[in-house]
Amino acid sequence: MTDNTHQQSPDVPRAIATVFGIGFAPVAPGTVASIAALPIAWLIVLFGNRFWLLFIAILTAAIGAWACELYSRVKLDPDPSECVIDEVAGQLLVCAFCPAPPSIAAYLVAFALFRVFDITKIWPVSWFEENVPGGLGIMADDIVAALMASVIVAILAHLQVI
């Protein structure tokens, strides 16, 4: 008899990695996941603050790396397209650099910048996508894209453009 009490159900990593099925959206699942992250970010800042949002973004990235690692092993695919928790973590991260209270204009800029860097994979985003393996690699390129977008958002916020 085999002891299965310590085995992780693939359902939990799948649910997290795909953000409860958002990753199976028929068109642009990464963009859909980024859009889904926006009201979450808004509510966290509204009822908490930007530091809580930053903390939750980092926590989401860590949990996402774990979930994507397990899910990608089951799928036998190093970076399944339905893994979109990386977009959620990245979008939350960029929104943490928007001014508070949140504004639609700032969040639209954060969304657009993050998606441009994530989709185009300009260096150093491409380097992380190509050179960091596993679940951490699935998350890393999006986190780097988010950091690049965050710098611009922080500058625009400082200049009071957004």
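We're numbering straight along the sequence, starting at 1. Keep in mind the model is a prediction, meaning the values are calculated, not measured.
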Treating Ile, Leu, Val, Met, Phe, Trp and Tyr as nodes and any side-chain heavy-atom pair under 4.5 angstrom as an edge, say whether [X] and [Y] lie in one connected cluster.
X: Val161; Y: Val116; result: no
X: Leu93; Y: Ile35; result: no
X: Ile85; Y: Ile58; result: no
X: Trp127; Y: Val151; result: yes
X: Val125; Y: Met139; result: no

Heavy-atom pair of closest approach, residues [X] and [Y]:
X: Ala57; Y: Leu92; result: CB-CB, 3.8 Å
X: Pro80; Y: Ile138; result: CD-CD1, 4.1 Å
X: Ile143; Y: Ala61; result: CD1-CB, 4.0 Å
X: Val94; Y: Ala110; result: CG1-CB, 3.4 Å
X: Pro124; Y: Val144; result: CG-CG1, 3.9 Å
X: Ile162; Y: Ala157; result: CG1-N, 3.8 Å

Practice prompt. Let me see the working for Val84 and Val32 under side-chain contact (heavy atoms from CB on, under 4.5 Å), right down to the final yes or no.
Written response: CA-CA 9 Å; Val84 294; Val32 173; over 6 Å; no

When rounded to the nearest 0.5 angstrom, what distance separates [atom1] in [X] from [atom2] in [Y]?
X: Ile155; Y: Phe97; atom1: CD1; atom2: CZ; value: 11.5 Å
X: Ile22; Y: Glu82; atom1: CD1; atom2: CD; value: 13.5 Å
X: Asp142; Y: Phe117; atom1: CG; atom2: CZ; value: 13.0 Å

Does some side-chain heavy atom of [Y] sit less than 4.5 Å from a side-chain heavy atom of [X]?
X: Val12; Y: Trp66; answer: yes
X: Cys83; Y: Cys68; answer: yes
X: Leu113; Y: Val109; answer: yes

Worksheet item: Which residues, ordered by chain and number, are linked to Tyr71 in its hydrophobic cluster, where ILVMFWY side chains connect at heavy-atom gaps below 4.5 Å, directly or through other members?
Response: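 Its cluster mates, by chain and number, are Phe24.
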
Item to complete: State which residues pass side-chain hydrogen bond (donor to acceptor under 3.5 Å, both in side chains) with Glu69; sequence neighbours excluded, sorted by chain then number.
Response: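 If we apply the side-chain hydrogen bond (donor to acceptor under 3.5 Å, both in side chains) test to Glu69, skipping adjacent residues, the hits are Arg73.
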
With sequence neighbours left out, which residue pairs that include part of [range] fulfil the side-chain hydrogen bond (donor to acceptor under 3.5 Å, both in side chains) condition?
range: residues 147-162; value: none
range: residues 85-101; value: none
range: residues 97-126; value: Thr31-Arg115, Arg115-Asp118, Asp118-Lys121, Lys121-Asp141

Worksheet item: How about Leu159: does its CG atom have over 12 heavy atoms from other parts shown lying under 6.0 Å from it?
Response: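 Yes.
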
Would you tabulate the side-chain donor-acceptor contacts of residues 36-55 under 3.5 Å, counting partners in other chains and residues two or more places apart, or write 'none'?
from, atom 1, to, atom 2, distance (Å)
Asn49, OD1, Phe51, N, 2.9
Asn49, OD1, Trp52, N, 2.9
Arg50, NH1, Cys98, O, 3.1

